[in-house]
Amino acid sequence: MPSATSDARVLIQSLSRAYAATPTNLKIIDLYVVFAVATALVQVAYMGLVGTFPFNSFLSGVLSCIGTAVLAVCLRIQVNKDNKEFKDLPPERAFADFVLCNLVLHLVIMNFLG
Amino acid sequence: MAEPEVSSAASAGGWRLRNAFGGVLCAFTLLLIGVLAFSIRLFSVIKYESVIHEFDPYFNFRVTQFLSKNGIYEFWNWFDDRTWYPLGRVIGGTVYPGLTLTAGTIWWLLNSLNIPLSVETVCVFTAPIFSANASWATYLLTKEAKGTGAGLMAAAILAMVPSYISRSVAGSYDNEAVAIFALIFTFYLYVKTLNTGSLFYATLNALSYFYMVCSWGGYTFIINLIPMHVLLCIVTGRYSSRLYIAYAPLVILGTLLAALVPVVGFNAVMTSEHFASFLVFIILHVVALVYYIKGLLTPRLFKVAMTFVITVGLTYASKYIPIIASVSEHQPPTWPSYFMDINVLAFLIPAGIISCFLPLSDASSFMVLYLVTAVYFSGVMVRLMLVLAPAACILSGIALSAAFDVLTRSIKFQLSKLFDDSPAASGDSSPESSSAGTVNTNSTKSESRTEKSETAPKEKPSKKNRKKEKEVAESVPVRPKKEKRLLVLPFELSVMGILLLIVLGGFYVVHCVWAAAEAYSAPSIVLTSRNRDGLHVFDDFREAYGWLSHNTDVDDKVASWWDYGYQTTAMANRTVIVDNNTWNNTHIATVGTAMSSPEKAAWEIFNSLDVKYVLVVFGGLVGYPSDDINKFLWMVRIGGGVFPHIKEADYLRDGNYRVDAQATPTMLNCLMYKLCYYRFVETDGKGYDRVRGYEIGKKHFKLTHFEEVFTTHHWMVRIYKLKPQKNRVRGKLKKLKSNSKTSSTLAAGQKKNPWQ
């Protein structure tokens with residue numbers, strides 16, 4: 001028992017230490033991802049309160065949050081300097097792809113919002 | 001030291017020239033493959049005429065006509081009241097719009113360029129154009145998996161494979177014509193994203209998936225195969241960040257885009273067919289998180305974290321297991337149909353599977369998975385052999401290309417040994433590329449030997465794309481020894497092998513052309529037969545529809561069995577009661593009951609539906625086997641399934657449907673019998689039915705409630721009109737008495753006819 005809690009504490013400490021070492025731009029992207037997922041959860045909670053009636057609006061709202069979170073994670077993967085697979089990819093290109101994909105996503109969302 | 005540098009520079013320049021020439025040759029071969037794919041599908045246009053085939057394409061054609069006349073907003077909101085009278089059908093919400101929008105766009109584009117092609121011409125030729133596109137997409141897909149050589153081979157094979165030809169001849173204007181192209185193109189973009197990890201291709205992938213959802217109900221194959229492949233990659237330890245980029249945006253964007261299509265709507269998130277993609281989405285995120293944390297922590301702490309998570313998480317994981325329902329409604333195929341449809345490819349596929357494993361990459365594992373699932377599904381439903389065709393072609397292309405690779409390499413090696421007497425030591429002895437499976441152009445191999453001779457391509461059939469270099473018998477330095485032992489076969493064996501493979505390809509081509517010309521080019525609306533005088537054409541269907549459109553009012557309703565619904569609305573432009581969409585079983589059962597009832601009861605049923613004309617198809621005079629009498633048992637069964645007063649046993653004599661003297665009285669009195677055989681005895685005096693093979697039972701009879709208005713030239717289509725109700729009903733008192741009798745017999749437990 002005590003080993004478990006002390007293990008957990010060591011675990012959390014090392015995790016936070018390792019995470020603090022990541023560069024700032026990646027931390028900003030992580031914050032954006034957390035924000036998007038939180039928004040999605042808020043929408044789901046609201047749906048639980050008032051019901052699903054305009055279901056397409058609910059779907060498009062939640063999926064737009066999750067979609068932009070996923071795309072931000074993809075951007076983070078491509079921009080991360082520790083990733084050996086993407087070291088030839090200029091970060092501007094990664095950001096341009098991110099913007100394009102978000103454009104398509106939000107075009108579809110606005111069409112589906114109803 | 002200087003000599004190798006100079007020679008390497010020269011070889012680099014020569015290599016670039018050869019590369020450019022190879023590129024031009026490749027493009028030219030692709031163009032020829034496109035032309036081949038287009039022209040092999042034109043047999044029906046040459047043999048018959050440029051006409052739309054079968055039944056379903058007529059519906060698509062009518063929808064495209066409406067789109068071209070009224071524009072896209074009208075089409076999107078179209079409620080069709082000329083079919084399924086009096087229910088109507090919401091076209092905008094129940095049709096897959098991809099095909100009609102594609103053909104409509106092509107027509108509009110051509111017309112705005114002042115090329116006045118009619119809608120019918122565009123519809124007839126849409127399928128061959130898109131099969132050319134599909135073979136180019138196959139080239140791209142196979143190139144991503146195995147290289148250019150395999151790509152060209154697979155494209156050439158797909159251009160001709162009979163299974164795909166059967167659903168995409170000129171005139172077969174059906175969803176599969178466009179959907180197979182969308183399928184292959186989506187797979188290509190997925191594999192490309194997997195190989196490059198570019199978000200741009202992921203976006204294109206989602207858009208191509210949207211096009212597939214618009215076109216065909218078979219899009220569920222894609223949205224289940226790709227998650228399976230992702231799962232396979234995770235399980236075999238091939239997880240990478242490119243996998244995440246390839247899959248996660250596709251799920252979100254793809255679900256949204258699929259929900260945009262009205263036919264799919266909310267099914268995109270609520271039916272079991274899509275659950276696999278969501279489940280794998282969650283699994284992928286879990287795996288990605290695990291890898292991320294693994295990167296952050298030391299191995300010991302990672303083990304601690306894992307034990308933590310597993311003990312807590314296992315309790316939740318066992319609750320949600322999606323069920324992917326697979327429904328098999330059609331017949332499973334037989335072995336001969338496999339050989340007919342994919343021919344030689346059937347035994348090239350296992351070789352292709354083996355070749356995919358040397359070496360195994362993400363893309364080649366995708367190919368193998370696609371093939372295995374396609375084989376399973378094609379074994380369940382013969383219509384899904386069409387989905388197997390691209391996979392079979394790709395793997396056969398890979399196999400053939402690898403075989404040619406080995407054989408030509410052997411020939412080159414043996415030839416070079418032949419021309420070289422002494423093994424002269426050369427400066428550069430860079431080892432050949434050691435991976436046995438790469439099928440690049442000769443450039444990499446030629447880099448290793450410096451050649452002073454000019455390269456000249458040998459003459460070869462158009463299927464092969466790789467250049468072979470003829471070595472001049474001068475002093476040609478050759479590699480002293482290979483670093484890695486590659487497979488080299490003896491010279492005669494290689495030559496024989498190449499010749500035999502070419503002969504095999506020749507058999508394949510001959511079979512495909514024969515299948516396209518004879519087996520799959522029948523438009524089925526025009527029939528032909530050969531007799532001593534030559535070709536005899538039966539154009540009865542169009543004759544009947546033409547008569548209907550010229551001799552009846554626009555608002556008249558025509559009742560027939562559902563097979564002919566689409567053709568009647570498209571060609572005769574009259575309202576029908578039931579058509580090929582078969583979405584309402586009770587309505588079809590009503591028509592079936594009417595066809596199986598005696599004349600008076602049938603008249604009552606048809607009158608309640610405002611029907612004016614009844615159309616039956618009869619093949620007894622000329623021997624056309626798929627006429628309504630042969631389909632009659634389905635009318636009885638479907639009608640009896642909904643209205644229990646129709647009992648199938650009443651129509652059977654010893655378990656068989658008969659229409660000769662042995663037939664049951666119910667059979668001889670039903671409307672279908674009477675409408676088909678009315679005045680039939682006048683043709684030859686005996687009433688001999690060529691399809692059934694015997695003389696009919698009741699030969700001389702009159703119709704009381706119907707009158708014949710038209711019979712086509714070969715008696716294949718017969719049209720009858722409902723006689724109006726009599727003004728005076730004689731014997732009214734008798735009718736009252738019989739009514740009281742029926743109400744008393746009801747107590748005995750007889751089934752009540754709802755129309756009396």
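From a predicted model like this one, the values you see are computed outputs, not experimental measurements. Numbered from 1 within each chain, the chains take letters A, B, ... in sequence-line order.
Here CG of L59(A) is found 6.5 Å from CZ of F266(B). Values are rounded to the nearest 0.5 Å. To the nearest 0.5 Å, atom OG1 of residue T196(B) and atom CG of residue L89(A) are 9.5 Å apart. Going from atom NZ of K84(A) over to atom OG of S241(B) covers 9.5 Å, rounded to the nearest 0.5 Å. One finds the CD1 atom of I77(A) at 11.0 Å from the OH atom of Y292(B) (value rounded to the nearest 0.5 Å). The structure places CD1 of I245(B) at 5.0 Å from SG of C74(A), a figure rounded to the nearest 0.5 Å.
For F200(B), the CZ atom is loosely surrounded, since the number of other residues' heavy atoms within 6.0 Å does not exceed 12. Counting heavy atoms of neighbouring residues, nucleotides and ligands inside a 6.0 Å radius, atom CH2 of W108(B) does not exceed 12 of them. Around CZ of F95(A), the count of heavy atoms belonging to other residues, nucleotides or ligands within 6.0 Å does not exceed 12. Remark: F79(B) CZ is packed, more than 12 non-hydrogen atoms of other residues, nucleotides or ligands lying under 6.0 Å away. Within 6.0 Å of the NZ atom in K294(B), the count of heavy atoms belonging to other residues, nucleotides or ligands does not exceed 12.
Contacts with chain B were tallied for T22(A), N56(A), D82(A), V10(A); N56(A) has the most, counting heavy-atom pairs under 4.5 Å. Considering only heavy-atom pairs separated by less than 4.5 Å from chain B, the leading option among L75(A), L15(A), V104(A) is L15(A). Put simply, of V251(B), T255(B), I293(B), V269(B), the one with the most heavy-atom pairs under 4.5 Å next to chain A is V269(B).
For R17(A), no part lies near chain B; criterion is any non-hydrogen pair under 4.5 Å. The contact between I109(A) and chain B is made entirely by side chain atoms (from C-beta outward), counting heavy-atom distances below 4.5 Å. In this structure, chain A has no heavy atom under 4.5 Å from any part of Y247(B). With a 4.5 angstrom heavy-atom cutoff, N83(A) touches chain B only via side-chain atoms.
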Verdict with reasoning, S64(A) to L256(B), per side chain to side chain contact (heavy atoms under 4.5 Å, CB included) = CA-CA 9 Å; S64(A) 81; L256(B) 270 172; 5.9 Å; no
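Heavy-atom neighbours of chain B within the stretch residues 40-48 of chain A, taken at a separation under 4.5 angstrom, are nonexistent. Residues of residues 201-221 of chain B lying under 4.5 angstrom from chain A, judged on non-hydrogen atoms, are T203(B), L207(B) in numerical order. Using non-hydrogen atoms only and a strict 4.5 Å limit, no part of residues 227-234 of chain B faces chain A.
Between V70(A) and P249(B), the shortest heavy-atom distance links the atoms CG1-N, 3.8 Å.
Of the possible polar contacts, none joining the E85(A) side chain to the G197(B) backbone as a donor-acceptor pair under 3.5 Å is found.
By the ring-ring contact (aromatic ring centres under 6.0 Å, His included) test, Y96(B) pairs with no residue at all, sequence neighbours left out.
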